[in-house]
Every structure is written in structure tokens, then in C-alpha cells.
Amino acid sequence: MDILFFKAALAVYLASTAGFIGSLLIRRVALARVSAWVLTSAFALHTVFIALRWLGSGYSPAVNLPEALSFIAWAITAIYLAFQIWTKTRVLGAFVTPLSLALVIASSSGVMGTVEADQSLKTYWVTAHVFLSLTGGALFALACCSALMYLVQDSLIRGRKIHGLYRVLPSLGDLDRINHFSVVWGFMFLTMGIISGSVWAGTAWGSHISWDPKQIATLAAWFLCGLLLHQRLVIGWKGRRAAFLSIGAFAILLFAFVGVNLFFTTIHTF
Amino acid sequence: MNIVILGMNHKTAPLALRERLTIACEDQGRTIEEVKSIPEVKEALYLATCNRVEVLANVDDVDRAVDSLREFIFSHGNLSPDEMEACLYRYRDEDAVRHIFRVASSLDSMVMGEPQILGQVKDAYRVCVEKQATGIIMNRLLHHTFRVAKRVRTETGIAENAVSVGYTAVALSKKILGSLEGRSVLLVGAGEMAELAARHLKNNGVAKITVANRTLENARALAGVFGGAAVGFDSLPHALGEADIIITSTGSPGYIIDRSLVASALRRRRNRLLFLIDIAVPRDIDPSVGDMDNVYLYNIDDLQQVVDENMRSRLAEARKAEGIIDEEVINFIRWKATLEVVPTIVDLKSKVESITRGELDRSMAWMSGMGEEERNNVETLIRTVTNKILHEPVKSLKEECENGGGHSYIAALRRLFGLEETKK
């Protein structure tokens, strides 16, 4: 039953992604407006899937990698939809939906089957740790998207290419604001995710930190993000430099999340 | 039933001439009354803007109506016929419909794609409706015109991009800073074009306009226009730090704003984005300022290049618009053609009705033996049969008229059913 909702959500995500990218290609906002509603329905289906999973299994539906990927896609979509209501910049969708879609597709092979999880992971601390960290990751993904768009728009304006893509992309001011907002909240969620994880590790493994590759990479991203916030708030960094730094922070975080599992052995399930 | 349009626009007539005509016909209501009083004119619309004067009319006898309308324009313009003749254009039927569609869609405007013209056509139409100068054809034509103009606006990009330096500056400011609400502008120098750009910015929500000039007097005069502050050149470094948009237009031979000045301004404003527009020749701002982070610099050539590009894209969009208009002209002409068939259909139906009526009356004698209900049934039966027989020819006749080949069918039908005789 829940899988049915997942499949439906996947299909609707695909439609919305196609719509958003199409609107960018033909440069018509009307199509992006429709795609935003399509995305909203995909999000609703996805929400139903996660809720059914949670009720069905009795523990948080993000205890393995595929489910975590699906949760991140869900969180990215949720935050994007909130942004859209706030800033009315629908074009961001063309950058965000492919990401959500890719995550949902990556998760699709895993979530279809049944999930087995270690008994020690079924505690509130783990649930909090996973949800907070993943939401933080989703916010960083959005920060990265807006930073990429900023760099594109910046180079178009500087290059006097005042047509086509320039007209569709949001203003530099708005993109910088979205980036700043995502980094501030992403940093807070990531901080809380790290703290909750180490609290649980302290009780379950006896030590708050075990210098696991994933922990090291995450901390590196956290420090970079902290640096960015410091530069932004104290020195007043803006625009291109902030954009580059937030892309860097997201890259390290992405490595911590996916790359570490491929190249190192880690105590994290994912 | 013929549609004609007589008029002159910025391309055909000099301003002085248009002016004279516009003033003579200033009272649009009275003008339309006068046009209406021409005997051949059944319906009319009078449109006068600063770039055009047009009389659109539905007339009986085209040649005589055109003569009368020309007479009307000549007398109001108070000019020799030769002079006027050279400026006046006239279109009829399909071409007249196309012309009014093009005018309302802003394809015939001085600045193609400008949005005011549609409103002006609507206003002119409202005056004519109030004076009861319009009827079936004109009402339909004008509503069709409004629909076409809307289609052109939404389906083509004809009105999309800024085609003046001032609007381009506004559009760029919005793309850099986001909303212009509450932003502040600094004008360095009191050039005319800078003033125009500042006016556009102010209309788009800019909160504060400061003017810096070498002579404080001139700065004060311009600042007074915008309700802003005036400063001398000595306080330029401070003023730079306050502004989000800076427009320079001084006559200075060298650079007034250099990297170090901008760098200190950026420090003061904590790197908030800064948009510099240099419309002075020779330039006022060191071009290398444009390489700095969070600073965007455009000079007059850059802006003009954007304007030219936008104008080119408007021309490309105009071709799309002409396609839409061709399509809609055909739609309208089709509708108008079906009007020609209406009298014949009415005649046909009334002839059949009179035959039915006559036969029923004659049959009263033997039908009197029937009950009320049975008599009604017989009547209903007869009507159903005649309607069914008429349905197919009437439908085909309308179709033929829509496709423009209705005349021979109308003649044949009138001959076959003896409709001319019934009229006599």
C-alpha cells in the first residue's frame, strides 16, 4: 500500500521536474506555476508514504540509506515549497526538482523492500539525530542550488548577456537572501544533529566521538559553514564568495553522507 | 455593410498637422456626433492620440462615405486637400479590420509594444458607445479587437523587454538588488538622462534620491524635484556608502569615482550589492570598478546595447503577432460574411411559416371535429417536419458564407423558394 504512494510520488516528481526544466527552456513562467502545483501534489503523496511507513513499522522511517535519501528529497521539497510561498521565485524549482527526483530514484531500489533495523537504533535519540542531520543536509542542498544560480546570474549580468536565461533567473539580492537563510538554518539543524548523535553515542558506545570518517567529514563541513556564517555576519561577506563557500560546504557534506560509505568503513549505518 | 478606416499616424503626417486635427476634434463626443450625422455612416469610432487620428466606420456606400469622411477631416484640419491627401491613408473591409487590430496591439505604434494604446482605443470606444454611435458590427469588431490585443500581449514577447535606457536601468536594478522598495539612489551630476532614469526608479518604489553636484545650487534644484537631499562633491565618499544605485552624468574630463572610493563605500555598506550606472561621456567611473565583487557597473554603451537587443527581439516577436492578427482577421471576416445570409434565412423561415399558417387556417373546417389536444398534435407535427427540412439547407448556407462562397447559394435559394416574390 505505502509503496503505491511512493511510486505515484516518483511519477509526479518526474512530471514536475520536466515541467520546471521545460519552463526554463521555453522561458515561460506559466509552466513553472503549473509545475509548482504538480510538485505540491508529489510532496503530498510522498508525505503519505512516509507517514504510512512510520505507522506501519513503528519506528522512524529513515534508518537505512534509501529511506534517508527519500527523506532528504522530502525535506528539500518541503523547504523549497516554503521558500516559494515566501519569495515567489519559482525558477529555483528547475534546480531543486532534479535533485529531489534523483534522490527519490536513488532511494527507490531500497525502499521497495522490507526494512530491518538494529534494535539499538530504535530510540528517540537516533530518530532525532537522523531527522535533524538530514534536514540540515537538505537546507545545505538548497543553499548550494541558490549559490549555483547566483554564480550563473552574476556572470550573465557581468557579461552583459541581458536576455534569455537572465530574464528567468531571480535577482541576485533574492538569491543571496535564500542562500543566507538556508545556511543559517542548515547550520543550526546540523549542529543539533551532531549533538544528538554524540549524546546517543555517549550512552550506547560509551564515547561521544569515535573519529569515524563520517564524523570527521561532517565536522569539516560544519567548520566551513561556521566560517562562512562568521564571515557573513562579522565581515559582511556576500555574493560570489559566500556562494563559493556554501557550495564547498555542501560538497564536503555530500562526501560525508555518500562518499564516505563508498571509500571507508564507517560505524554509521548510512 | 462595409468597414472603412481613414486616418493618419506619426509615420504619414507631421506632428503639426496631427496636432491641428486633434485640437479641432478635442471634444470627442461632439466629433463622433458629427461623424454620425454623415448620411452614409451607420456606425463609427473616432480615435485620437498624440500619434494618430483615425475614423473607423461601418458605411453603406463606400465611395460616397469615404468622400464625406475626407471632407470632414479636411474641414477640421483646416488644410488644403493636397496637403492632407498626402498624409491620409484609407483601408476598407479586410484591410480596415487588420489595421484596427494592428493599432490596438501596438504594432503600429511609434514605440512598438507600448501598452497605452489599448487603453486609448478602449476609451475612444466607450465615448462612442455613450453617444450610441456603434451597433452590431462595431461592437463585435471592437470587442474582437480587444481580444486580439490581449492575445498578442500574452502570446508574444512584444511588450516584454525594456526599450529605453531609463527602463533598462530599472529592469537591471531589479535583477541585481531584488525589490526596489526602500532603496536609495545617488545622482552624481545633474544630466537630463540621469534625471529621467531617476524618475523611473522613483516610480518603481525607490525611497530616497540624493543629488551630488559640483555646484550645490544645481544639486538643490534637482533634489527639490524628487524631494531628496542635495550634497556637494566633498561629501561624495559618504554619499556613496549610503546608496544602492548610483547614476553618474557629470561633464568631468577624468574619473570621479575610482576603486578606492568604491572599496571604502563597500566597507561602509558591508558589501551589500551596489549598482553603478555611468551615462557620462567621457566616463565618470573607472571601468576597473566593474571587476570588483558585489559591484555591477554599466556604462551608456552597455545600456544602449541592451536596448538595441531588446528592440530586435521585439521586431522578431512582431512577426509572430502579425500571424495572430492574420488569423483573427479571417475569423472576423467569416463572422461578418454570415451576417449577409441572415436576411435570407429570415425570409425563408417567414415564408414557410406563412404557408403553414395558411394551410392550417384552411383546414380549420375539417379539423374542428377534433379535440383541442389532437389539433395541437397536428400543428406540432407540421412544424417538426418543416423545421427538419429547413435545417440542412440553412446550415449549409451558413457554412458556404463563412467560406466566402455564399453569394451564388443565396441567389439560388431566393430563386428556388421564390423569396423575392414574397417580398413584393
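Order of the sequence lines fixes the chain letters, A, B, ..., with proteins taken first and strands second; residue numbering starts at 1 for each chain.
Within the 4.5 Å cutoff, the side chain of A:K238 has no heavy atoms near those of the B:R270 side chain. With a 4.5 Å cut-off on side-chain heavy atoms, B:F275 and A:I157 do not count as touching.
Comparing A:D174, A:I162, A:L172 by heavy-atom pairs within less than 4.5 Å of chain B, the highest count is held by A:L172.
Using a 4.5 Å cut-off between heavy atoms, A:R177 touches chain B through its side chain atoms alone. If you measure heavy-atom distances from B:L172 to chain A, the contacts under 4.5 Å come from both the backbone and the side chain. Heavy atoms closer than 4.5 Å to chain B are found nowhere in A:L175, neither backbone nor side chain. Residue B:R272 touches chain A through both its backbone and its side chain, counting heavy-atom pairs closer than 4.5 Å.
Crowding of A:F223 atom CZ: a count of heavy atoms from other residues, nucleotides or ligands under 6.0 Å not exceeding 12. In this structure, B:Y167 places its OH atom where only 12 or fewer heavy-atom neighbours from other residues, nucleotides or ligands lie under 6.0 Å away. In this structure, B:M292 places its CE atom where more than 12 heavy-atom neighbours from other residues, nucleotides or ligands lie under 6.0 Å away.
To the nearest 0.5 Å, atoms CZ (A:R241) and CG (B:N271) are separated by 7.0 Å. Separation of atoms CZ (A:R158) and CG (B:L297) is listed at 9.5 Å; rounding is to 0.5 Å. Between the CH2 atom of A:W237 and the CG atom of B:N294 there is a distance of 11.0 Å, given to the nearest 0.5 Å. Taking OG from A:S171 and CD1 from B:I176, the interatomic distance works out to 9.5 Å, rounded to the nearest 0.5 Å.
Side-chain N or O atoms of B:K175 include one that pairs as donor or acceptor with a backbone N or O of A:L169 at under 3.5 Å. Within the 3.5 Å criterion, the main-chain N or O of A:D154 finds no donor-acceptor partner in the side chain of B:Y296. Distance alone, capped at 3.5 Å, places no donor-acceptor pair between the A:R167 side chain and the B:N161 backbone.
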